[in-house]
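Values below: all heavy atoms of this structure, side chains included; hydrogens, waters and symmetry mates excluded.
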2 protein chains.
Amino acid sequence: MQMVTDSDRAAYAAARMAEFAARCHRGGLAVTPQRLAIIRALLAAADHPRAETIYAQVRREHPHISLATVHRTLETLCRIGEARKVTALHDSARYDGNTAPHHHVVCLGCRRIRDIEIPGVERLLDGRDDLGEFKLMGCALEIHALCAQCQRKPGRSNPKRLANRKQSIATSNHVDS
Amino acid sequence: MQMVTDSDRAAYAAARMAEFAARCHRGGLAVTPQRLAIIRALLAAADHPRAETIYAQVRREHPHISLATVHRTLETLCRIGEARKVTALHDSARYDGNTAPHHHVVCLGCRRIRDIEIPGVERLLDGRDDLGEFKLMGCALEIHALCAQCQRKPGRSNPKRLANRKQSIATSNHVDS
DNA sequence: TCACAATTGATAATTGTTACCACCTGTAAG
DNA sequence: CTTACAGGTGGTAACAATTATCAATTGTGA
Ligand SMILES: [Mn+2]
Ligand SMILES: [Mn+2]
Ligand SMILES: [Zn+2]
Ligand SMILES: [Zn+2]
């Protein structure tokens with residue numbers, strides 16, 4: 001179990017940028033200066049930025065870029081598998097009356113969430129009180145899935161295709177663990 | 001690894017409702033009809049509802065209740081540990097340029113997110129293509145923590161205490177999957 | 001170089017959530 | 001059983017994040 005370091009990221013980012021134009025082509029996207037700037041900013045960030053943060057960064061080179069473009073582009077990048085959203089369920093707060101420790105299966109189509117118990121999970125962190133500078137408070141395993149209904153339908157209220165993940169390229173040199 | 005069944009929930013909900021008034025007292029909260037209706041609706045729901053859904057349900061008995069009260073109350077219940085928010089990071093979408101499989105450490109104070117690699121996680125689901133009706137697509141382990149900075153400060157924009165989790169009840173009889 | 005579909009910027013609209021504040025009510029003291 | 005009042009509520013305005021719209025611009029392949 002290892003935190004990913006800054007130098008890991010720098011190398012990874014360089015490799016990804018080198019291939020970006022080709023990847024856009026493959027995904028049927030035009031290679032615009034805005035898209036280049038946005039993916040560059042995203043790959044340079046260590047902290048999983050929000051749209052507003054990318055906007056602030058990109059604006060320095062493209063003062064005329066629109067925030068809407070940043071939102072759109074980030075979603076587009078996720079669609080073609082060049083980025084991913086860390087917050088699959090960020091659109092509205094979801095509450096749980098079950099305060100016992102447990103985890104969740106999330107349908108990516110309709111966003112239903114079901115409880116599941118997986119004893120092994122907490123054990124992964126057993127014996128640790130911290131991870132580097134981070135003091136551990138708990139953990140949540142989110143299992144992404146498609147419910148029976150959503151396996152047929154294209155995807156109700158959440159038309160986010162979540163990319164078919166045919167991706168395989170460029171998952172080559174990653175940070176080691 | 002077991003899905004939690006409806007009958008599990010029913011028993012658990014009954015136990016929790018029986019103690020709710022006492023628990024409110026302990027937390028320094030008044031026991032209002034609105035709060036009773038909201039916790040009842042939350043405990044009856046299997047799908048981790050959003051505020052709007054609870055509102056629709058509770059309205060049937062309390063047609064005059066305000067949506068604002070539902071939002072407030074759900075947050076209050078989380079604060080005293082009677083409920084929890086499934087979506088710790090729901091406020092704005094966070095993007096990740098790193099498409100390699102990895103997991104995240106989230107600071108509950110400042111919401112910074114750092115990459116981490118934990119090889120054991122995917123292994124928990126190895127050999128499975130589905131969980132009951134759910135077809136598996138992937139999983140994400142979110143480790144909740146406090147960064148060095150936020151261990152001192154009370155807790156910036158996210159004062160949510162995340163409840164002490166002393167719970168233990170009603171995780172008894174489950175169905176296997 | 002050209003034609004056209006894709007993309008962008010500006011801005012309006014929508015959605016989920018929180019802030020406000022006057023009125024109401026659960027609580028505990030008498 | 002009253003009473004006083006801190007805390008809670010409803011109605012609504014304000015906010016923040018995101019998405020929709022659409023005319024103008026631009027990348028692409030021919
Ligand atoms: Mn749950
Ligand atoms: Mn990451
Ligand atoms: Zn579904
Ligand atoms: Zn922090």
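A donor and an acceptor atom never sit less than 3.5 Å apart when one is taken from the side chain of B/Arg35 and the other from the base of C/dG26.
For A/Val31, the listed nucleotide lying nearest its side chain is D/dT28; candidates were D/dT9, D/dT28, C/dA19. Closest approach to the A/Arg72 side chain among D/dT12, C/dA10, C/dT17 is made by C/dA10 (side chain taken as heavy atoms from C-beta onward). Looking at the side chain of B/Ser92, the nearest of the listed nucleotides D/dT12, C/dT8, D/dT18 is D/dT18. Checking C/dG9, C/dT7, C/dA19 against the side-chain heavy atoms of A/Thr32 singles out C/dT7 as nearest.
When each of B/His25 and B/Arg50 is assigned the nucleotide of DNA chain C with its nearest heavy atom, B/Arg50 is the one assigned upstream, toward the 5' end. With DNA chain D read from its 5' end, the first of the two nearest nucleotides for B/Asp91 and B/Leu29 is the one closest to B/Leu29. Each of B/His71 and B/Pro33 has a nearest nucleotide on DNA chain C; the 5'-most of these lies closest to B/His71. In this structure, B/Ala93 and B/Ala30 both approach DNA chain D, and ranking their closest nucleotides by distance from the 5' end singles out B/Ala30.
Residues A/Tyr12 and B/Thr99 have side chains that bring a donor and an acceptor to within less than 3.5 angstrom of each other. Using modelled atom types, one finds no donor on one side chain facing an acceptor on the other under 3.5 Å when comparing A/His48 with B/Asn98.
In this structure, the side chain of B/Glu117 does not engage the main chain of A/Met1 through any donor-acceptor pair within 3.5 Å.
Expressed to the nearest 0.5 Å, how far CD of B/Glu61 lies from CG of B/Leu36 amounts to 10.5 Å.
If you measure from atom NE2 of A/His64 to atom C1' of C/dT8, you get 13 Å, rounded to the nearest angstrom. Rounded to a whole Å, the CD1 atom of B/Ile80 is 15 Å from the P atom of D/dG7. Atom CG of A/Leu36 and atom C1' of C/dT8 are 15 Å apart (whole Å). D/dT18 atom P lies 14 Å from atom OH of A/Tyr55, rounded to whole Å. Rounded to a whole Å, the NE2 atom of B/His62 is 14 Å from the C1' atom of D/dG8. With rounding to whole Å, B/Glu52 atom CD is found 14 Å from C/dT18 atom P. The CD atom of B/Glu75 sits 14 Å away from the C1' atom of C/dA19 (whole-angstrom rounding). Atom pair B/Leu74:CG and D/dT9:C1' shows a separation of 15 Å (rounding to whole Å applied).
Residue B/Gln34 has a polar side-chain atom (N or O) positioned under 4.0 Å from OP1 or OP2 of D/dG10. Close to D/dT9, at under 4.0 Å from its OP1 or OP2, lies no side-chain N or O of B/Ser66. Taking only side-chain nitrogens and oxygens, A/His90 comes nearer than 4.0 Å to OP1 or OP2 of D/dT18.
Under the 4.5 Å side-chain criterion, counting only non-hydrogen atoms from C-beta, A/Cys110 is not in contact with A/Gln149.
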